[in-house]
J.: 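Please read through the structure below; I'll follow up with questions.
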Amino acid sequence: MMKLSLANVLLKPLLILFFATLIFTSCKNARHTAAPDLDAKLDKIFASVPDFSGVLLVAEKGKPVYHKAFGYKSFLTKEPMETTTIFELASVSKQFTAMTIMQMKEAGKLSFDDPVGRYIPGLPYTGITIRHLLTHTSGLPDYQQVMDEHWDKNKVAGNADNIAYLIQYHPAKHFEPGTKYEYSNTGFMLLASITEKVSGEDFIEFCRKRFFVPLKMTSTDIRTLDQKKKLKNLALGHIYVKDKQRYVPADSFPQFNYAIWLGNRKGPGRVSSTSADLLKWDRILYSNTLIKAETLQEAFTPAHLNNGSISNYGFGWKIKETKRGKVVWHDGDNPGYATEFIRYIDTDKTIILLCNNAHAKMPEILKSVEALVEEE
């Protein structure tokens, strides 16, 4: 057996330390060279669309690798957009509504397969469960259409009004529950009301107490129109008018007045937030502190229809498979706003794209951003 000299004994750990340092330094330098490359490529995308207005945040394992603002909070005042600017999230809000239901399920206050009629008395639609609402497979008619036809638009409607009009006018359901997927704001409006029923709390206060405050999402809330008007850092929604060759505030179009007379609705939308706050939400979803991992996994699993086929929707999340694994995501669309929240949960990458001028090239921009993130 060969004897090791003192020099060999001392040299071996030094060599290990040297090579470990070399590898670490190489990896560190590789990360630093990759970041400017991604930065330049993303800059190029937005340089090709100079009138885009919004914020893009790209993160890897919770760390922003790109976070920039473009355009204006208001095209009238030309106040520059900031990365800290607050946007209407529109239907990106649905994941918060779904989370309230999942928390109530874990608290033993409801089951996903409970009939909706147990919590919304008088609703004239049978065979619909909470799961059907979560997965957009209920077949329920559009409450907004009923309200548009019958509601006095000098008043502001809330969930109780919407439900009362569904009961009173009883529009026909679109299909039998579970037979197909059809996106339904009605379903998520009812989910918020179910949360209120079983928790005994106002839906907005529930979200503040359970999510926004404890997670230090300090710019996030479900705000009234008056509260939003007082915000100094709100991105106003705009729409391009070809005849005027400029962007005009979306609230100046009469066809979008539903955002006013349905201003007290809860569940389908209305959360306003920042890119940084959404990244905080993204991180907490990896921690299993809000709900158990198995419950969250249900949210990230496509719904099965009665015929055995699957949809692309779980509980408040759209779902797709890419070369980087499973992706859960949601988009939002409010007058003048377009929002995207994309989570590559297998590789822990995040894309948050918030736009306040409903840019026609938003789909192209998003596709290009996704391609770059997926190749990194």
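Please read all numbers here as calculations on a predicted model, not as lab measurements. As a basis for the values below, the full set of heavy atoms in this structure was taken, side chains included, without hydrogen atoms, waters or symmetry mates. Count residues from 1 along the sequence.
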J.: With a 4.5 Å cut-off on side-chain heavy atoms, are Asn185 and Lys94 touching?
T.: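 Lys94 reaches Asn185 side chain to side chain.
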J.: Would a hydrophobic clustering, with Ile, Leu, Val, Met, Phe, Trp and Tyr connected at side-chain separations under 4.5 Å, put Leu38 with Val369?
T.: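 Linked within one cluster.
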J.: Considering only heavy atoms from C-beta outward, does the side chain of Ile222 approach that of Lys266 to under 4.5 Å?
T.: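 No, too far: nothing below the 4.5 Å cut-off.
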J.: Between the side chains of Asn307 and Ser309, is a donor N or O closer than 3.5 angstrom to an acceptor N or O?
T.: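 Distance-only check passes for Asn307 and Ser309.
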J.: Does the pair Lys153 and Leu262 meet the rule for a side-chain contact (heavy atoms from CB on, under 4.5 Å), with working shown?
T.: CA-CA 9 Å; Lys153 297 180 179 64; Leu262 286 177; over 6 Å; no
J.: Apply the test side-chain contact (heavy atoms from CB on, under 4.5 Å) to residues Val58 and Leu372: give CA-CA distance (whole Å), side-chain angles for both, the deciding distance (0.1 Å), then the verdict.
T.: CA-CA 10 Å; Val58 176; Leu372 287 175; over 6 Å; no
J.: Mind listing the closest non-hydrogen atom pair of Pro177 and Ile128 along with its distance?
T.: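 Closest approach of Pro177 to Ile128: CG-CG1, 3.5 Å.
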J.: Under a 3.5 Å threshold, yes or no: a donor from one side chain and an acceptor from the other, between Glu374 and Thr322?
T.: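 Result is no, nothing qualifies.
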J.: Flag yes if more than 12 heavy atoms outside Lys280 fall under 6.0 Å of its NZ atom; otherwise flag no.
T.: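 Check passes, neighbour count above 12.
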J.: Mind listing the closest non-hydrogen atom pair of Pro171 and Val146 along with its distance?
T.: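 So the two residues come closest at CG-CG2, 3.4 Å.
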J.: In plain terms, say whether Asp113 and Arg131 are close enough for a salt bridge, that is, a side-chain N and a carboxylate O under 4.0 Å apart.
T.: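 Looking at Arg131 together with Asp113, the answer is yes, because their closest N to O distance falls below 4.0 Å.
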J.: With the side chain counted from C-beta on, respond yes when Phe87 and Ile352 share a heavy-atom pair under 4.5 Å apart, and no when they do not.
T.: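 Phe87 vs Ile352: side chains apart.
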J.: How long is the straight-line distance from CG of Leu56 back to CG of Leu366, given to the nearest 0.5 Å?
T.: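 If we round to the nearest 0.5 Å, Leu366:CG and Leu56:CG are 9.0 Å apart.
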J.: Could you check whether His136 and Tyr183 have their ring centres less than 6.0 Å apart?
T.: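 Ring-ring flag for Tyr183/His136: true, centres closer than 6.0 Å.
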J.: Show the nearest heavy-atom pair for residues Lys173 and Thr126, with the distance to one decimal.
T.: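 Smallest heavy-atom distance, with atoms named: NZ-O, 4.0 Å.
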J.: Looking at every heavy atom in both Gly267 and Ala192, which two are closest together, and how far apart are they?
T.: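 The answer is CA-CB, 3.7 Å.
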J.: I want to know whether Phe315 and Phe112 have ring centres closer than 6.0 Å.
T.: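 Aromatic pair counts; centres sit under 6.0 Å.
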J.: Do the side chains of Ile163 and Met189 get nearer than 4.5 Å, heavy atoms only?
T.: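 Yes - at least one pair of side-chain heavy atoms lies under 4.5 Å apart.
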J.: Which value, rounded to the nearest 0.5 Å, describes the distance between Asn356 atom CG and Ile86 atom CD1?
T.: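 Between Asn356 CG and Ile86 CD1, I get 13.0 Å after rounding to 0.5 Å.
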J.: More than 12 foreign heavy atoms under 6.0 Å from CD of Gln227: is that the case here?
T.: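 It does: Gln227 CD has more than 12 such atoms within range.
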J.: I'd like to know if Asp226 pairs up with Lys230 as an ion pair, taking the criterion as any Lys NZ or Arg NE/NH1/NH2 lying under 4.0 Å from an Asp or Glu carboxylate oxygen.
T.: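 Between Lys230 and Asp226 there is no salt bridge, as every charged N stays at least 4.0 Å from the carboxylate O atoms.
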J.: Look up atom CD in Gln297 and atom CD1 in Ile291, then write down how far apart they are to the nearest 0.5 Å.
T.: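 Here the rounded value is 10.5 Å.
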J.: Going by ring-ring contact (aromatic ring centres under 6.0 Å, His included), Trp281 matches just one of Phe341, Phe211, Tyr286. Which one?
T.: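 Result for ring-ring contact (aromatic ring centres under 6.0 Å, His included) with Trp281: Phe211.
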J.: Measure the shortest side-chain to side-chain distance between Asn162 and Trp151 over non-hydrogen atoms and say whether it is less than 4.5 angstrom.
T.: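 No. Closest side-chain heavy atoms not under 4.5 Å.
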J.: To the closest 0.5 Å, what do you measure between CG (Asn264) and NZ (Lys155)?
T.: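 Here the rounded value is 12.5 Å.
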J.: Just checking Lys209: does its NZ atom have more than 12 heavy atoms from other residues, nucleotides or ligands closer to it than 6.0 angstrom?
T.: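 At most 12 heavy atoms, drawn from other residues, nucleotides or ligands, come within 6.0 Å of this atom.
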J.: In a check of ring-ring contact (aromatic ring centres under 6.0 Å, His included) between Phe96 and each of Phe206, Phe212, Trp317, which one passes?
T.: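 The passing option is Phe212.
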J.: Only pairs at least two apart or in different chains count here, so list each side chain to side chain donor-acceptor pair (under 3.5 Å) that has a residue in residues 212-221.
T.: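 Every pair satisfying side chain to side chain donor-acceptor pair (under 3.5 Å) with a residue in residues 212-221: Arg208-Asp221, Thr220-Ser273, Thr220-Asp277.
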J.: To the nearest 0.5 angstrom, please state how far the OH atom of Tyr119 sits from the CD1 atom of Ile194.
T.: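 If we round to the nearest 0.5 Å, Tyr119:OH and Ile194:CD1 are 7.5 Å apart.
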J.: Among Phe256, Tyr247, Phe75, exactly one meets ring-ring contact (aromatic ring centres under 6.0 Å, His included) together with His238. Which residue is that?
T.: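 Considering Phe256, Tyr247, Phe75, a ring-ring contact (aromatic ring centres under 6.0 Å, His included) with His238 is found only for Phe75.
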J.: Side chains of Pro141 and Thr186: closer than 4.5 Å at any heavy-atom pair?
T.: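 Not in contact.
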J.: Under a 4.0 Å N-O cut-off, is there an ion pair linking Glu370 with Arg324?
T.: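 Answer for the salt bridge query: no.
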J.: Which residue in the set Arg343, Arg283, Lys63 passes salt bridge (charged side-chain N to carboxylate O under 4.0 Å, His left out) when paired with Asp348?
T.: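 So the option named by the test is Arg283.
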J.: If you take all heavy atoms of Ile101 and Leu110, which pair is closest and at what distance?
T.: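 Closest approach of Ile101 to Leu110, heavy atoms only: O-CD1, 3.9 Å.
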J.: Would Val328 and Ile319 satisfy side-chain contact (heavy atoms from CB on, under 4.5 Å), going step by step from the backbone distance to the final call?
T.: CA-CA 5 Å; Val328 296; Ile319 302 157; 4.3 Å; yes
J.: Can you name the closest pair of heavy atoms from Leu279 and Gly62 and give their distance?
T.: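 Smallest heavy-atom distance, with atoms named: CD2-O, 3.6 Å.
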J.: Does the side chain of Asn233 come under 3.5 Å of the side chain of Lys73 through a donor N or O and an acceptor N or O?
T.: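 Distance-only check passes for Asn233 and Lys73.
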J.: Verify the ring-centre separation between His174 and Tyr125: is it less than 6.0 angstrom?
T.: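 No, too far apart.
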J.: Under 4.5 Å between any side-chain heavy atoms of Tyr313 and Lys318, yes or no?
T.: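 SC-SC contact between Tyr313 and Lys318 confirmed.
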J.: So Thr350 and Leu57, do their side chains get closer than 4.5 Å, heavy atoms only?
T.: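 No, their side chains stay 4.5 Å or more apart.
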J.: Enter the distance from His330:NE2 to Glu340:CD here, rounded to the nearest 0.5 Å.
T.: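 The distance works out to 10.0 Å.
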